[in-house]
Amino acid sequence: MTVTHETQTPEAVDPASLHTPVIAWFDQHARDLPWRRPEAGAWGVMVSEFMLQQTPVNRVLAVYEQWLARWPRPADLAKEAPGEAVRAWGRLGYPRRALRLHGAAQAITERHGGEVPTEHAQLLALPGIGEYTAAAVASFAYGQRHAVLDTNVRRVFARAATGIQYPPNATTAAERKLARMLLPEDERTAARWAAASMELGALVCTARNEDCSRCPIAEQCAWRLAGKPAHVGPARRGQTYAGTDRQVRGKLLAVLREAVTPVPQSALDAVWHEPMQRGRALDGLVADGLVEPLENGHYRLPLT
DNA sequence: AAAGCGTGGTT
DNA sequence: TAACCAAGCTT
């Protein structure tokens, strides 16, 4: 049987021997991020998780602060027009996240009395919340015991436990099983471990230019002990962007974000020369609920 | 289940 | 410079 990078058996690792050094390292080196402060609350944690989906911390910080100042509770956002959420989202990218966060705020207001739900299943049922975000909110905001598998943690586990440079493109059952095996039994320790292992991946065990000299578990790292073998397997999915519908959508929505009043078709036509692709992109934005077409041929961010 | 979905900094 | 990378979700 061929052993691929996806089915490779993890080295025998003693979970407990990882928890203590990683958590101790976290105590020393954790960044002071606003959503980690007590006053952030579950809503702050949830907002940060939406914004951090595929978007770097540095770009999120300013928008996060403005967002929480303007909408300090889910109900505050829920009563706004969805277009205001899209506008406030600014240039974070993937603006459908803004729409979903707005929808999640409405659901929280209607179904959960305005409080971010504590149960993983209830979180998972909210728009824009998947496996990772549900676990992250439950763990970071409520101190619960969940395997929190984001790209950072997956990379740390791939290296430290499995001995490979990069995890598979999509999260596998084997990764989930490993994450559950490594999760501390004690709830408080598990929540600490989730944040600590993620931070380790973000600051030290990075995708490129990892710094093993600063790693608290370098001596136990299967990948390092194996001589840091180079990644084998399918290349990571490339994200071509230039000339795609995504780029056109971005340009169209940028015009609408800046506009205070509805925008004429001509203003949108100016952002892209090719009419077919331009029309397809605009139709897509309307279908997604990111843009509202008016009777008079003008467009705006959605009021409802 | 593979593809689509933004944006900008780094290498 | 083109490719890679960044706390994923949805269909």
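These numbers come from the heavy atoms of this one structure, side chains and all, not from hydrogens, waters or symmetry mates. So you know, we letter chains A, B, ... as the sequences are listed, proteins then strands, and number each from 1. Nothing here was measured: the structure is a model prediction, and the numbers come from that model.
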His231(A) NE2 to dC4(C) C1', straight-line distance once rounded to whole Å: 13 Å

Please report, rounded to the nearest Å, how far the C1' atom of dG4(B) is from the CZ atom of Arg100(A). 10 Å

Pair [X]-[Y], side-chain donor/acceptor within less than 3.5 Å:
X: Tyr132(A); Y: Gln53(A); value: no
X: Thr55(A); Y: Arg97(A); value: yes
X: Gln277(A); Y: Trp272(A); value: yes

So what is the 5' to 3' dot-bracket string for DNA chain C, if pairs are Watson-Crick or G-U wobble with both distances under 3.5 Å, crossing pairs use [ ] and | means the partner sits on another strand? .|||||.||||

Can you figure out which of dG8(C), dC5(C), dA7(C) approaches the side chain of Asn152(A) most closely?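 Nearest to the side chain of Asn152(A) among the choices is dA7(C).
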
Under 4.0 Å, counting only non-hydrogen atoms across every strand here, what does [X] touch: a base, just sugar-phosphate, or nothing?
X: Ile129(A); result: sugar-phosphate
X: Arg96(A); result: base
X: Trp89(A); result: nothing
X: Arg249(A); result: sugar-phosphate
X: Thr206(A); result: nothing
X: Arg257(A); result: sugar-phosphate
X: Leu101(A); result: nothing
X: Val57(A); result: base

On the nucleotide [N], are OP1 or OP2 found under 4.0 Å from the side-chain N or O atoms that [X] carries?
X: Gln54(A); N: dG8(C); answer: yes
X: Tyr94(A); N: dG4(B); answer: no
X: Arg154(A); N: dG8(C); answer: no

Would you mind telling me which of Leu149(A), Thr162(A), Leu18(A), Asn152(A) makes a side-chain contact (heavy atoms from CB on, under 4.5 Å) with Phe157(A)? Leu149(A)

Let me know, please, whether Thr55(A) or Glu131(A) comes out on the 5' side of the other along DNA chain C by nearest nucleotide. Thr55(A)

How do Leu124(A) and Arg59(A) order along DNA chain C: which one's closest nucleotide is nearer the 5' end? Arg59(A)

Determine yes or no for a side-chain-to-main-chain donor-acceptor pair under 3.5 angstrom, with Arg214(A) supplying the side chain and Leu203(A) the backbone.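 Checking the backbone N and O of Leu203(A) against the side chain of Arg214(A), a donor-acceptor pair under 3.5 Å is found.
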
Suppose we call a contact any N or O donor and acceptor under 3.5 Å apart; does that hold for the side chain of Arg246(A) and the base of dT7(B)? no

Report yes if the side chains of Trp25(A) and Ile217(A) come closer than 4.5 Å at any heavy-atom pair, otherwise no.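 No; the side chains remain at least 4.5 Å from each other.
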
Under the rule for ring pair (Phe, Tyr, Trp, His ring centres under 6.0 Å), what residues qualify as partners of Trp43(A), not counting sequence neighbours? none

